[in-house]
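The structure appears below as structure tokens.
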Amino acid sequence: MSFVTVRDVQEKFFLELAAGNKGIERQIHTSDISRPGLEMAGYFNFYLKDRVQLLGKTELSFFAGLTEQERQDRMERLCSPSTPAIIVAHEMDVPVELKAAADKTGIPVLRTDVPTTRFSGMLTNYLSGRLAPMTAMHGVLVDVYGIGILITGKSGVGKSEIALELVKRGHRLVADDLVEIRQVAKNVLIGNAPKLLEHMLEIRGVGIVDMMTLFGASAVKSDKRILIVVDLEVWDENKVYDRLGIDDEKIKIMDSELTKLTVPVRPGRNLSVIIEVAAMDYRMKRLGVNAAEEFTKKLDAAIDQNAQVPNMERNG
């Protein structure tokens, strides 16, 4: 099961560790965040203890009006053994009762100066991305004109060489050889390279090269949403390939469907340019311009017009 440690969250958002130092390596398994307002009032019947608890001005101002015994009771119950962490937002002071309960149970208490609602959104987005369902695919992921393109195909077909040419033409490499793919929402797939392979590209006959060192920081990207899958295959003379682009082929990755293009490889074809055109054509289709459909309509109109001419001659 995927998880994020409290230390990961602390380092990501530069949070201050106020108490519960022993629990800094505790694991977070859900992206949902809880704001325990009812719990501050003493209602723990449906306490979502397995979530990160976020305390802001509303919760802490109510908490300050409780008696000393009530404050101690609330914080001891809030620091459940299943609670991964408690975060105090909006630069609010951490109550002494919370510090005491957190140190006793080993629940880390973190502090940020970011407003509560804003920080809740930031943390939810971060956890959703890190805890999303994940798979891995053999291929190359590139960012071409802002479109994430996953290039697949058999080993040795030329995927890495195409990526190298695209980077030289001003585009960016995301991952080579192995692409980690996370499904952050329905039909939303984010791809990235494993940490060990970040910025690396393997060129047969040359070896492994660091693209950021060779071409600069603008030549690489840490992650990218995948919008098109381009599958490269060796040219088969007996196979009929789509020449108009009318057929809308799809590929399913986890629970998401993506547009798939099958591009035959043969000597003399400039595949990097073809992929650039595929990216531009995809952008145009998103803007409502579909060249294949327009051509088909013009062709149908021309056929209808030619069919009417003989009828007019016979009637005349």
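Treat the numbers as computed from the prediction; the structure is a model and nothing was measured. Any value given below was found using the heavy atoms of this structure, including those in side chains, with hydrogens, waters and symmetry copies removed.
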Supply the atom-to-atom distance [X] [atom1] to [Y] [atom2], rounded to the nearest 0.5 angstrom.
X: Ile251; Y: Lys260; atom1: CD1; atom2: NZ; result: 5.0 Å
X: Leu227; Y: Leu258; atom1: CG; atom2: CG; result: 7.5 Å
X: Lys252; Y: Asn187; atom1: NZ; atom2: CG; result: 9.5 Å
X: Asp176; Y: Leu201; atom1: CG; atom2: CG; result: 4.5 Å
X: Arg169; Y: Glu276; atom1: CZ; atom2: CD; result: 4.0 Å
X: Arg51; Y: Leu127; atom1: CZ; atom2: CG; result: 12.0 Å

Is it true that atom [atom1] of [X] has more than 12 heavy atoms of other residues, nucleotides or ligands lying nearer than 6.0 Å?
X: Gln72; atom1: CD; result: no
X: Glu11; atom1: CD; result: yes
X: Arg283; atom1: CZ; result: no
X: Leu287; atom1: CG; result: yes
X: Glu25; atom1: CD; result: yes
X: Lys195; atom1: NZ; result: no

Under the 3.5 angstrom rule, does the side chain of [X] hit a backbone N or O of [Y] as a donor-acceptor pair?
X: Thr124; Y: Ser120; result: yes
X: Glu70; Y: Gly65; result: no
X: Lys186; Y: Asp255; result: yes
X: Arg111; Y: Met92; result: yes
X: Thr83; Y: Ala85; result: no
X: Asp223; Y: Asn192; result: no
X: Lys49; Y: Pro84; result: no
X: Arg182; Y: Gly191; result: no
X: Asn125; Y: Gly121; result: yes

Describe, in one word, how the ring planes of Phe46 and Tyr43 are oriented to each other, choosing from parallel (under 30°), tilted (30 to 60°) and perpendicular (over 60°).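 The arrangement is tilted - the two ring planes meet at 30° to 60°.
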For residues [X] and [Y], is any side-chain donor paired with an opposing acceptor at under 3.5 Å?
X: Ser34; Y: Asp32; result: no
X: Asp231; Y: Thr152; result: yes
X: Thr5; Y: Asp8; result: yes
X: Tyr126; Y: Arg130; result: yes
X: Ser82; Y: Arg26; result: no

Are [X] and [Y] packed together at the side-chain level, in the sense that at least one heavy-atom pair is separated by less than 4.5 angstrom?
X: Val144; Y: Tyr282; value: no
X: Arg35; Y: Leu55; value: no
X: Ile275; Y: Ile149; value: yes
X: Lys12; Y: Val4; value: no
X: Val263; Y: Arg269; value: yes
X: Leu173; Y: His199; value: no
X: Val9; Y: Ile28; value: yes
X: Met254; Y: Ile181; value: yes

Should Ile86 and Cys79 be marked as a side-chain contact (heavy atoms from CB on, under 4.5 Å) after you check the CA-CA gap, both sets of side-chain angles, and the distance that decides it? CA-CA 8 Å; Ile86 299 173; Cys79 292; 3.8 Å; yes
Single-linkage hydrophobic cluster Val174~Ile147, side-chain heavy atoms < 4.5 angstrom: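 No, it is not one cluster - the side chains of Val174 and Ile147 are not joined through contacts under 4.5 Å.
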Any salt bridge linking [X] with [Y]? Criterion: basic side-chain nitrogen under 4.0 Å from a carboxylate oxygen.
X: Arg74; Y: Glu39; result: no
X: Asp73; Y: Arg77; result: yes
X: Arg71; Y: Glu97; result: yes

If you take all heavy atoms of [X] and [Y], which pair is closest and at what distance?
X: Leu189; Y: Ser256; value: CD2-OG, 3.7 Å
X: Asp103; Y: Gly20; value: OD1-N, 2.8 Å
X: Ile107; Y: Ser80; value: CD1-O, 3.3 Å
X: Glu180; Y: Ala193; value: OE1-O, 4.4 Å
X: Leu261; Y: Ala278; value: CD1-CB, 3.7 Å

Go through Leu110 and Val6 one step at a time and tell me if the side-chain contact (heavy atoms from CB on, under 4.5 Å) criterion holds. CA-CA 9 Å; Leu110 306 169; Val6 177; 3.7 Å; yes
Can you list the steps and then say if Leu54 with Val52 is a side-chain contact (heavy atoms from CB on, under 4.5 Å)? CA-CA 6 Å; Leu54 182 60; Val52 173; 5.6 Å; no
Yes or no on ring pair (Phe, Tyr, Trp, His ring centres under 6.0 Å) for Phe119 and Phe13, after CA distance, side-chain angles and deciding distance? CA-CA 9 Å; Phe119 184 78; Phe13 297 104; 5.4 Å; yes
Might you work through the side-chain contact (heavy atoms from CB on, under 4.5 Å) test for Val109 and Lys99, ending with a clear yes or no? CA-CA 7 Å; Val109 177; Lys99 288 184 178 181; over 6 Å; no
